Asker: 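Have a look at this one before I ask anything.
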Amino acid sequence: MTEAASPERQGESPLRGRVEELRSRSERARRGGPERHRERLQGQAKLPVRERLRLLFDPESPFLEDGLLANSEAAEEMGADGVVTGIGVVQGRRVCVMANDPTVKAGSWGALTVEKILRIQEQAERYQLPLCYLVDSAGARITDQRQMFPGRRHAGRIFHNQVRLSGQVPQPCLLLGPSAAGGAYIPAFCDVTFMVEGNASMYLGSPRMAEEVIGERVTLEEMGGARMHCTVSGCGDLLCGSDAEAISALRAYLAYFPSNWRQEAPAAPARTPGSRADIGALLPSDPARGYDVHQVLEALLDQGSFFEIKPLYARELVCGLGRLGGRAVGVLASQPEHQGGVLFVDSSDKAARFISLCDAFNLPLVFLADVPGFMIGSVVEREGIIRHGAKMIAALSSATVPRICVVLRKAYGAGLYAMSGPGFEPEATLALPSAEIAVMGPEAAVNAVYANRIAALQGPERERFVEESRHEYARDVDLFRLASDLVLDQVVEPAQLRDQLIWRLAAASSKLRLPAARHHGVFPV
């Protein structure tokens with residue numbers, strides 16, 4: 001029998017042809033959109049979508065991609081229909097990903113794009129895996145709106161699924177390009193959003209639309225640029241200089257979080273602090289004098305472990321992830337260097353969001369208080385400081401993870417409450433010997449109580465009365481008196497603070513977490 005007539009060969013030929021066709025279609029899909037669009041990425045200092053994923057995933061690790069051939073029957077180059085979805089490995093753990101391909105119709109959404117996003121969200125929920133969004137999208141394809149906008153399994157369901165996933169699994173977002181119109185809600189519903197300066201933007205209406213509809217002339221950066229969102233609106237959590245920097249930050253961020261809410265946060269090898277500075281020496285004796293609390297964090301946390309969230313926004317309060325003896329923790333620290341550490345509307349919102357994030361994924365919270373209280377005055381009252389402060393306190397009161405309050409230098413008024421003071425069931429309230437805890441400082445208190453009497457006195461008699469009244473007030477709220485009354489659990493030497501926190505967090509690791517029995521609270525928003 002000749003080779004041409006071999007049954008075995010006759011059976012192979014059609015299959016071989018189909019395999020070649022599969023390879024050809026797959027290669028075409030992986031290329032993405034037309035060559036001119038791929039060339040444009042270089043001019044925008046953007047990485048191709050598959051290079052972004054290569055940097056995100058662990059080297060040489062597998063990537064299980066679904067929907068590669070979506071819309072492969074289209075006449076034009078529609079690689080994967082503009083979105084890459086699947087499961088990869090980050091820091092040794094599986095994660096789900098959704099990554100827009102800006103070379104395919106500017107990363108816009110068609111019917112199959114939406115379906116792929118929905119399916120990876122559903123997989124993330126079924127498998128209880130983190131879902132990372134790499135967003136670079138012009139929004140919906142207006143020409144396809146009937147097929148992807150109004151229905152039960154269309155674009156709106158993406159946001160519905162994000163809310164369902166919230167608190168179940170981590171949902172970080174890298175905003176690497178635009179996120180326009182309704183698509184802007186993807187970053188909004190994520191746990192955090194890291195934005196690349198110069199490329200990332202999010203807005204409900206473009207500058208051109210704003211000019212046409214409301215007569216406002218504004219640039220894209222002013223409307224929804226990365227720096228604006230990371231400094232003014234608070235929609236951005238980290239401003240990055242490039243795609244690679246943002247991806248590296250995402251890998252670092254995920255290392256602090258479990259894969260889902262049922263797991264504990266992953267530990268890391270313990271390290272000594274990054275600074276050997278004496279924490280006590282870092283705190284000025286004058287309670288009104290500022291200092292940079294980052295120096296305290298360097299002397300307290302494991303070396304190189306602090307990952308700050310919203311560093312450019314509401315800088316009077318520092319929020320971030322860190323490690324104490326290898327244990328992942330969330331840290332909220334007053335920043336006296338900026339606005340004296342007073343709490344404003346934005347810092348209250350920043351804190352509320354961060355507290356909820358850590359509580360959702362089992363990260364204990366450490367509060368470092370050096371706070372004069374909440375800001376007062378007509379401006380902040382009109383901005384709703386009471387409502388926003390209540391939002392922070394509501395998040396704090398709802399949190400069930402272990403919490404420790406440390407008063408570094410002062411905790412006045414409702415600032416003590418907002419920083420998880422004794423009335424909010426922390427595992428412990430600790431204070432350094434430099435701490436003051438009171439409704440307000442001695443000077444303000446004496447002026448408030450004795451204003452009329454002080455006004456009636458003159459010269460040395462007035463000065464003597466004010467000085468004696470301040471000393472009497474200070475004795476009444478003396479730190480050791482508060483410790484004697486068990487308001488404080490312990491007054492700690494600065495050199496022992498780190499060990500105290502490590503020991504107490506270890507003891508609290510078996511804490512029984514029992515939220516109040518109800519559907520949900522009705523909190524200020």
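As the structure is a computational prediction, the values presented were derived from the model and not from experiment.
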Asker: Taking all atoms of both residues into account, what is the closest heavy-atom pair of Ile385 and Val345, and its distance?
Answerer: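 Nearest pair, atom of Ile385 first, then Val345: CD1-N, 3.5 Å.
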
Asker: Under the side chain to side chain contact (heavy atoms under 4.5 Å, CB included) test, which residues partner Val135, sequence neighbours left out?
Answerer: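 Met98, Asn100, Tyr133, Cys173, Leu175, Ser179, Ile186.
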
Asker: Scan Glu20, Glu77, Glu73 and name whichever one has a salt bridge (charged side-chain N to carboxylate O under 4.0 Å, His left out) with Arg25.
Answerer: Glu73

Asker: Between Phe306 and His294, how do the two ring planes meet: parallel, tilted or perpendicular, split at 30° and 60°?
Answerer: perpendicular

Asker: Do the side chains of Trp109 and Ile158 get nearer than 4.5 Å, heavy atoms only?
Answerer: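 The answer is yes; the side chains approach within 4.5 Å.
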
Asker: With side chains defined as the heavy atoms from C-beta onward, is the minimum distance between Val329 and Leu363 less than 4.5 Å?
Answerer: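 No, side chains not in contact.
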
Asker: Take Arg23 and Glu27 through the salt bridge (charged side-chain N to carboxylate O under 4.0 Å, His left out) test and state the conclusion after the steps.
Answerer: CA-CA 6 Å; Arg23 290 173 179 170; Glu27 182 182 353; over 6 Å; no

Asker: Within the 4.5 Å heavy-atom criterion, are Val342 and Glu316 side-chain neighbours or not?
Answerer: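 Of all side-chain heavy-atom pairs linking Glu316 with Val342, none is under 4.5 Å.
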
Asker: Ignoring hydrogens and geometry, is there a side-chain-to-backbone donor-acceptor pair from Asp101 to Val49 under 3.5 Å?
Answerer: no

Asker: Could you measure the distance from the CE atom of Met392 to the CG atom of Leu343? Nearest 0.5 Å is fine.
Answerer: 5.0 Å

Asker: Between Asp191 (side chain) and Gln171 (backbone), is there a donor-acceptor pair under 3.5 Å?
Answerer: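 Checked: pair present.
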
Asker: Between Glu221 and Arg227, does at least one N-O distance fall below 4.0 Å, as a salt bridge requires?
Answerer: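 Result for this pair is no, no salt bridge flagged.
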
Asker: State, with a plain yes or no, whether a side-chain heavy atom of Leu301 is found less than 4.5 Å away from one of Leu324.
Answerer: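 Of all side-chain heavy-atom pairs linking Leu324 with Leu301, at least one is under 4.5 Å.
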
Asker: Using a 3.5 Å distance criterion without hydrogens, assess whether the side chain of His229 forms a donor-acceptor pair with backbone atoms of Gly234.
Answerer: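 The answer is no, because no donor-acceptor pair under 3.5 Å joins these two groups.
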
Asker: Would Glu21 and Arg18 satisfy salt bridge (charged side-chain N to carboxylate O under 4.0 Å, His left out), going step by step from the backbone distance to the final call?
Answerer: CA-CA 5 Å; Glu21 182 180 1; Arg18 297 296 282 178; 3.2 Å; yes

Asker: Between Asp66 and Thr85, is any side-chain donor less than 3.5 angstrom from a side-chain acceptor?
Answerer: no

Asker: Does some side-chain heavy atom of Val104 sit less than 4.5 Å from a side-chain heavy atom of Asp81?
Answerer: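 Side-chain contact under 4.5 Å: no.
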
Asker: Counting only heavy atoms not in Arg126 (residues, nucleotides, ligands), do more than 12 fall under 6.0 Å from its CZ?
Answerer: yes

Asker: Take Asn161 and Gln121 through the side chain to side chain donor-acceptor pair (under 3.5 Å) test and state the conclusion after the steps.
Answerer: CA-CA 7 Å; Asn161 285 351; Gln121 289 180 317; 3.1 Å; yes

Asker: Can you tell me if Arg323 uses its side chain to pair, donor with acceptor, with the backbone of Ser305 under 3.5 Å?
Answerer: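 Checked: no pair found.
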
Asker: Tell me whether Ser72 contacts the main-chain N or O of Leu69 through its side chain, where contact means a donor paired with an acceptor under 3.5 Å.
Answerer: yes

Asker: Salt bridge or not between Asp136 and Lys46? Use side-chain N to carboxylate O under 4.0 Å.
Answerer: yes

Asker: Determine the minimum heavy-atom distance between Cys190 and Gln162, stating which atoms define it.
Answerer: SG-NE2, 3.5 Å

Asker: Decide, yes or no, whether a salt bridge links Asp58 with Arg251 under the criterion of side-chain N to carboxylate O below 4.0 Å.
Answerer: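 Judged by the 4.0 Å cut-off on N to carboxylate O distance, Asp58 and Arg251 do form a salt bridge.
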
Asker: Of all heavy-atom pairs between Leu41 and Pro48, which one has the smallest distance, and what is that distance?
Answerer: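 For Leu41 and Pro48, the tightest heavy-atom pair comes out as CD1-CA, 3.8 Å.
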
Asker: Taking side-chain hydrogen bond (donor to acceptor under 3.5 Å, both in side chains) as the cut-off, I'd like each qualifying pair that reaches into residues 348-363, sequence neighbours left out, listed once.
Answerer: Asp349-His388, Asp349-Lys391, Asp359-Arg513, Asn362-Arg513

Asker: Answer yes or no: are there more than 12 heavy-atom neighbours, outside Arg94 itself, under 6.0 Å from its atom CZ?
Answerer: no

Asker: Quick one: closest heavy-atom pair of Tyr313 and Val232, and the distance?
Answerer: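 Nearest pair, atom of Tyr313 first, then Val232: CE1-O, 3.2 Å.
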
Asker: Between Val218 and Tyr203, is there a side-chain heavy-atom distance shorter than 4.5 Å?
Answerer: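 Answer no - side chains too far apart.
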
Asker: Crowded around Arg315 CZ? As in, over 12 foreign heavy atoms under 6.0 Å?
Answerer: no

Asker: Main chain of Arg157, side chain of His160: is a donor-acceptor contact present, judged purely on distance under 3.5 Å?
Answerer: no

Asker: Do Lys116 side-chain atoms and Gly86 backbone N/O form a donor-acceptor pair below 3.5 Å?
Answerer: no

Asker: Flag the pair Tyr185 / Leu204 as yes when at least one side-chain heavy-atom distance between them is below 4.5 Å, and no otherwise.
Answerer: yes

Asker: So, are Glu76 and Lys105 salt-bridged, with charged N and O less than 4.0 Å apart?
Answerer: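 Yes, charged N to carboxylate O under 4.0 Å.
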
Asker: Checking Ser248 side chain against Ala244 main chain: does a donor-acceptor pair fall under 3.5 Å?
Answerer: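 Looks like no, no N/O pair under 3.5 Å.
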
Asker: List the steps, then state whether side chain to side chain donor-acceptor pair (under 3.5 Å) holds for Asp292 with Gln335.
Answerer: CA-CA 6 Å; Asp292 186 1; Gln335 176 56 296; 2.8 Å; yes

Asker: Roughly how far, to the nearest 0.5 Å, is CD of Glu65 from CG of Leu53?
Answerer: 8.0 Å

Asker: Between Thr193 and Asp237, is a side chain to side chain donor-acceptor pair (under 3.5 Å) present by the stated rule, with each step listed?
Answerer: CA-CA 5 Å; Thr193 299; Asp237 294 280; 4.5 Å; no

Asker: How about Arg38 and Thr103: does a side-chain donor come under 3.5 Å of a side-chain acceptor?
Answerer: no

Asker: Check Glu298 against Pro273 and note the closest heavy-atom contact, atom names and distance.
Answerer: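 Closest approach of Glu298 to Pro273: O-CB, 3.5 Å.
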
Asker: From Arg119 CZ over to Cys96 SG, what is the distance, rounded to the nearest 0.5 angstrom?
Answerer: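 So the gap between those two atoms works out to 14.5 Å.
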
Asker: For the CD atom of Gln128 and the CD atom of Gln263, what is their distance to the nearest 0.5 Å?
Answerer: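 Atom-to-atom, Gln128:CD and Gln263:CD are 8.5 Å apart.
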
Asker: Would you call Ile404 and Leu365 a side-chain contact if the rule is heavy atoms closer than 4.5 Å?
Answerer: no

Asker: Does the pair Glu122/Arg153 count as a salt bridge with the N-to-O cut at 4.0 Å?
Answerer: yes

Asker: How long is the span from the OG atom in Ser61 to the CD atom in Gln91, to the nearest 0.5 Å?
Answerer: 11.0 Å

Asker: Could you tell me whether Phe194 and Tyr253 have their ring centroids closer than 6.0 angstrom?
Answerer: yes

Asker: Please indicate whether Met223 has more than 12 foreign heavy atoms, meaning atoms of other residues, nucleotides or ligands, lying under 6.0 Å from its CE.
Answerer: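 Counting other residues, nucleotides and ligands, CE of Met223 exceeds 12 neighbours.
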
Asker: If we ignore hydrogens and angles and just use 3.5 Å, is the side chain of Ser201 paired with the main-chain N or O of Gly224 as donor and acceptor?
Answerer: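 Side chain of Ser201 to backbone of Gly224, a donor-acceptor pair under 3.5 Å: no, none is there.
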
Asker: Looking only at side chains, do Glu222 and Thr219 share a donor and an acceptor under 3.5 Å apart?
Answerer: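 Per modelled atom types, Glu222 and Thr219 side chains form a pair under 3.5 Å.
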
Asker: Counting only heavy atoms not in Phe149, do more than 12 fall under 6.0 Å of its CZ?
Answerer: no

Asker: Tell me the closest heavy-atom pair linking Ala140 and Met148, and the distance in Å.
Answerer: CB-CE, 3.6 Å

Asker: Enter the distance from Leu112:CG to Asn71:CG here, rounded to the nearest 0.5 Å.
Answerer: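 Going from CG on Leu112 over to CG on Asn71, the span is 5.5 Å.
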
Asker: Residues two or more places apart in sequence or in another chain: which of them pass salt bridge (Lys or Arg N to Asp or Glu O under 4.0 Å) with Arg30?
Answerer: none

Asker: Under 3.5 Å, side chain of Arg387 to main-chain N/O of Val525, donor-acceptor pair present?
Answerer: yes

Asker: Using a strict 4.0 Å threshold on nitrogen-to-oxygen distance, state whether Arg36 and Glu39 make a salt bridge.
Answerer: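 Result for this pair is no, no salt bridge flagged.
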
